[in-house]
Protein chains: 2
Amino acid sequence: MIENINEILKKNQLSVTDSRRKILEMFQHTSGALAHADIEKQSGTLFDRVTIYRTLQTFVEKGIIHTIPTIDNSVKYALCKDACQAGHHHDNHVHFMCDECGTTYCLNNISIPQVQLPEGFRSTQTDVVVSGICKNCND
Amino acid sequence: MIENINEILKKNQLSVTDSRRKILEMFQHTSGALAHADIEKQSGTLFDRVTIYRTLQTFVEKGIIHTIPTIDNSVKYALCKDACQAGHHHDNHVHFMCDECGTTYCLNNISIPQVQLPEGFRSTQTDVVVSGICKNCND
DNA sequence: ATGAGTTTGCAACTTTGTTGCAAAATAAAA
DNA sequence: TTTTATTTTGCAACAAAGTTGCAAACTCAT
């Protein structure tokens with residue numbers, strides 16, 4: 001179910017611009033995660049590289065998207081679900097990265113068991129990165 | 001307990017060179033993880049930037065060190081324990097990254113509960129990235 | 001000690017990300 | 001609707017991170 005894009009932008013006190021609408025749309029139309037390069041490729045020469053960087057940065061600050069840790073250390077972003085909309089959130093994510101095709105899937109409906117930390121450590125966020133072969137590449 | 005550096009290199013069919021010995025030593029002397037920049041800083045002008053890149057790459061290929069996924073998508077490396085020495089390994093890691101000082105801790109003695117994946121997905125490695133405030137910064 | 005093979009350092013390059021600033025677009029006010 | 005204030009964009013220039021080719025230096029086995 002796709003939320004109204006203009007609503008989301010206004011709710012976050014952001015001016016409604018072409019680039020923001022288009023990029024937000026891309027996230028809503030993908031089940032997985034997007035890298036800066038993916039967005040640049042998909043949008044062609046529509047907007048500047050710098051605009052994409054700044055848009056992603058703004059979205060992260062507003063809590064619309066979040067960055068995903070990856071083993072190959074490429075920077076990927078995914079839409080935040082309602083649960084983590086509050087900007088600075090205490091939240092958990094499970095992501096699956098395919099070793100073969102590189103696609104990143106968000107496995108939001110999987111619960112993470114709490115990790116027991118040593119004395120003196122306080123956790124605000126836990127990310128689980130599962131690597132392997134995805135459904136598509138397995139067939 | 002520090003394993004003999006020359007032994008490790010020879011076991012992995014690598015020529016014993018200054019840079020490899022020194023860099024491996026750095027990993028053995030730190031409890032956490034190291035970034036390329038850390039190594040460059042610690043070694044001063046001793047060896048070239050490119051050599052460090054290549055050494056790290058070689059170590060990863062041989063399974064001596066592994067990359068760590070981080071939320072800020074900086075590239076960090078840590079020593080592999082005996083458990084994951086077999087090159088292409090099925091292994092789990094828990095790492096803690098301090099939001100304040102950026103230090104990465106390896107929490108190797110914490111067990112990760114198995115994540116239940118959707119049909120068709122096969123996992124080879126699971127990384128848990130816990131973010132928060134570390135012991136040092138908490139005091 | 002010598003020679004084959006490996007590794008290093010340099011230089012040049014690519015890719016990725018950042019910053020300042022004028023022009024353009026958006027939002028708010030008249 | 002027009003005007004004005006504010007925000008955002010694109011350009012250019014830059015900085016940082018990582019890669020590649022190649023000759024010189026080193027390692028290792030004979």
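Only this structure's heavy atoms are used, side chains among them; waters, hydrogens and symmetry mates stay out. Note on naming: letters A, B, ... go to the chains in the order of the sequence lines (proteins, then strands), and numbering restarts at 1 for each one.
Taking atom NZ on A/Lys41 and atom C1' on C/dT15, their separation rounds to 13 Å, with Å as the unit. A/Lys22 places its NZ atom 18 Å from the C1' atom of D/dT8, with the value rounded to the nearest Å. Atoms CD (A/Glu40) and C1' (D/dG10) sit 14 Å apart, rounded to a whole Å. Atom NZ in B/Lys62 sits roughly 14 Å away from atom C1' in C/dT7 (whole-Å rounding). For A/Asp48 and C/dA24, the CG to P distance is 15 Å, given to the nearest whole Å. As rounded to whole Å, 17 Å separates atom C1' of D/dT27 from atom CG of B/Asn12. In this entry the distance linking CD of A/Gln13 with P of D/dT6 reads 16 Å, nearest Å. Rounded to whole angstrom, the span from the CZ atom of A/Phe47 across to the P atom of C/dA24 amounts to 19 Å.
One finds a side-chain N or O of B/Thr51 lying less than 4.0 angstrom from the OP1 or OP2 phosphate oxygen of C/dG9. Checking the phosphate oxygens (OP1, OP2) of C/dT7, no side-chain nitrogen or oxygen of B/Thr55 falls inside 4.0 Å.
Remark: the backbone N or O of A/Ser15 is paired with a side-chain donor or acceptor of A/Arg20 at under 3.5 angstrom. B/Ser123 places no side-chain N or O within donor-acceptor distance of the main-chain N or O of A/Gly132, the cut-off being under 3.5 Å.
Mapping A/Thr58 and B/His36 onto DNA chain D by nearest heavy atom places A/Thr58 at the nucleotide closer to the 5' end. Between B/Leu14 and B/Ala37, the residue anchored closer to the 5' end of DNA chain D is B/Ala37, taking for each the nucleotide with the nearest heavy atom. Comparing B/Arg49 and B/Ser15 along DNA chain C, the residue whose closest nucleotide (by nearest heavy atom) sits nearer the 5' end is B/Ser15.
Among the nucleotides D/dT9, C/dT8, C/dG17, the one closest to any side-chain atom of B/Ser19 is C/dT8. The side chain of A/Val75 sits closest to C/dG17 out of C/dG17, C/dT19, C/dC10. For B/Tyr53, counting side-chain heavy atoms from C-beta on, the closest listed nucleotide (C/dG17, D/dA17, D/dT9) is D/dA17. Considering only the side chain of A/Val50, C/dT19 comes nearest among C/dC10, C/dA27, C/dT19.
Here B/Phe121 and A/Tyr105 bring their ring centres to under 6.0 angstrom of each other.
Looking at every heavy atom in both residues, B/Thr70 comes nearest to B/Val129 through CA-CG1, 4.5 Å.
A side-chain donor-acceptor contact under 3.5 Å links B/Thr104 and B/Lys76.
Within 4.0 Å of A/Arg20, counting heavy atoms only, lie sugar-phosphate atoms of the nucleic acid but no base atom. Backbone-only engagement by A/Leu46 is indicated by non-hydrogen atom pairs under 4.0 Å involving sugar-phosphate atoms exclusively.
If you check distances only, the side chain of A/Arg54 does reach the base of D/dG10 with a donor-acceptor pair under 3.5 Å.
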